[in-house]
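Contents: one structure, followed by commentary.
Start at 1 and go down the list; that is how both ligands and their atoms are numbered.
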Amino acid sequence: MKIKNIAILTSGGDSPGMNSAIFGAFVACQDNDINLLGVLNGYDGLIDNDFIKVDYQLLAGRINRGGSILKSGRSKRFLKSNHFKNALINLKDNKIDALIIIGGDGSLKGAMKLRDNGINVICLPGTIDNDLNFTYTIGFDTATNNIVNAIDNISDSLSSFGYGAVIKIMGNQCTDLIDTVADAIHTNFLIKNKDFDINSLVKSIKANYDGNHLPPIVLVLEDSADIENLSKILQEKCKIQFRPHILGYIQRGGTPSAFDRRYAFTAGEYAVKSIIEKNYGSVIGLMGDKLVKKEIENCFKF
Ligand code: F6P
């Protein structure tokens with residue numbers, strides 16, 4: 001039987017490139033005479049029957065923006081059986097042949113639940129955290145550059161005043177973002193879990209900063225440390241002013257890099273191709289410079 005209707009949703013933390021993936025899927029659907037329906041607000045849209053037609057009008061001017069055209073969500077209701085049943089009913093009523101899910105590890109778990117209940121799913125790894133078993137997830141490259149650019153701006157003021165900074169970095173439990181940023185800005189001052197040794201951090205800052213070179217920048221993964229308090233302690237012990245910074249959604253937002261656009265677009269196209277070949281149940285992502293398919297179960301790093 002020919003595939004007629006494909007649905008697509010974005011779920012979890014938005015990641016730059018999600019819109020390019022939607023565009024890639026749209027172009028492949030157009031080429032193969034398939035309707036593409038967008039589900040709004042992640043898994044909540046399946047429960048609430050929020051389906052919209054993906055067309056040029058929806059996409060115009062938004063393909064290369066960050067965030068998600070279809071909005072996103074972290075649905076708690078999806079875990080409850082009555083709501084989950086509604087999601088299955090709505091997929092059936094809308095005659096959806098297959099569903100493309102773009103998101104991180106939580107979203108992939110939702111995809112497994114749908115797959116186990118007879119829904120044809122294909123996933124794309126969309127998260128800035130890089131916490132899935134691919135070389136890169138969609139959005140990681142942009143987020144890394146966003147953070148490096150923000151820290152470069154912060155560094156201009158730090159250098160002018162001789163201050164240090166303590167900067168909180170996203171990544172959930174995955175250290176890929178913080179490690180890559182640390183390499184790019186050349187700092188060794190990293191706090192990645194709660195039991196860090198404050199004395200060795202102070203010792204290392206004192207040994208490395210002579211007042212003339214790059215000011216000390218301490219990167220903190222998520223809530224591994226209270227950055228206000230840590231700044232005060234470092235100020236006291238190192239005799240340099242330390243300014244705490246939370247970059248927040250500056251990390252996740254903004255226009256996707258060329259790398260993420262290209263990656264996401266081709267992955268979106270590939271997802272539709274797989275569906276046409278009746279090849280379901282996998283996650284399509286980059287290994288090295290090639291798009292590969294993996295079983296959902298084999299994609300989790302944590
Ligand atoms: O998964 C992406 C991410 O940005 C994580 O790095 C972070 O822990 C979390 O989402 C933040 O979520 P929220 O959008 O709820 O603040």
Side-chain angles (χ1 to χ4, degrees), residues 9-22 40-45 65-79 101-112 123-151 166-185 190-194 196 218-228 244-257 259-260 263-264 267 283 285-286 296 299-302:
L9 64 79
T10 52
S11 159
D14 51 285
S15 70
M18 281 180 160
N19 293 333
S20 310
I22 297 167
L40 297 177
N41 310 314
Y43 288 119
D44 276 338
R65 301 277 303 273
S68 169
I69 294 170
L70 299 174
K71 301 183 186 293
S72 194
R74 302 187 198 274
S75 179
K76 292 215 170 69
R77 289 190 294 154
F78 196 65
L79 304 171
I101 294 159
I102 311 170
D105 57 359
S107 314
L108 262 51
K109 283 179 189 138
M112 280 172 18
C123 305
L124 305 181
T127 166
I128 63 163
D129 296 340
N130 216 36
D131 56 355
L132 295 170
N133 275 328
F134 292 98
T135 307
Y136 298 112
T137 52
I138 295 167
F140 175 75
D141 180 63
T142 308
T144 306
N145 284 303
N146 286 344
I147 299 169
V148 169
N149 291 337
I151 294 178
V166 177
I167 304 178
K168 180 168 160 172
I169 305 291
M170 281 181 169
N172 200 3
Q173 7 169 20
C174 186
T175 61
D176 288 16
L177 258 184
I178 195 168
D179 288 338
T180 311
V181 168
D183 285 349
I185 66 161
L190 290 183
I191 297 179
K192 298 196 263 190
N193 55 56
K194 287 199 160 82
F196 64 96
V218 180
L219 302 181
V220 175
L221 177 65
E222 298 272 351
D223 293 323
S224 304
D226 172 340
I227 63 165
E228 296 268 351
H245 287 81
I246 296 176
L247 301 181
Y249 288 160
I250 281 177
Q251 300 166 86
R252 227 160 69 183
T255 181
S257 64
F259 177 88
D260 277 324
Y263 173 9
V283 188
L286 266 191
I296 307 178
C299 292
F300 300 99
K301 270 192 194 163
F302 298 96

Residue among D129, T127, D14, N146 satisfying side-chain hydrogen bond (donor to acceptor under 3.5 Å, both in side chains) with R252: D14

Residues K301, D105: salt bridge by 4.0 Å N-O rule: no

Neighbouring protein residues of ligand 1 - any heavy atom closer than 4.0 Å: R74, I128, D129, M170, G171, N172, E222, Y249, R252

I250 atom CD1: more than 12 heavy-atom contacts under 6.0 Å: no

Between T142 and D260, a side-chain donor and acceptor under 3.5 Å: yes

Six-ring centre of F300, K109 cation under 6.0 angstrom, axis tolerance 45°: yes

Mutual orientation of the aromatic rings belonging to F78 and Y43 [parallel < 30°, tilted 30-60°, perpendicular > 60°]: parallel

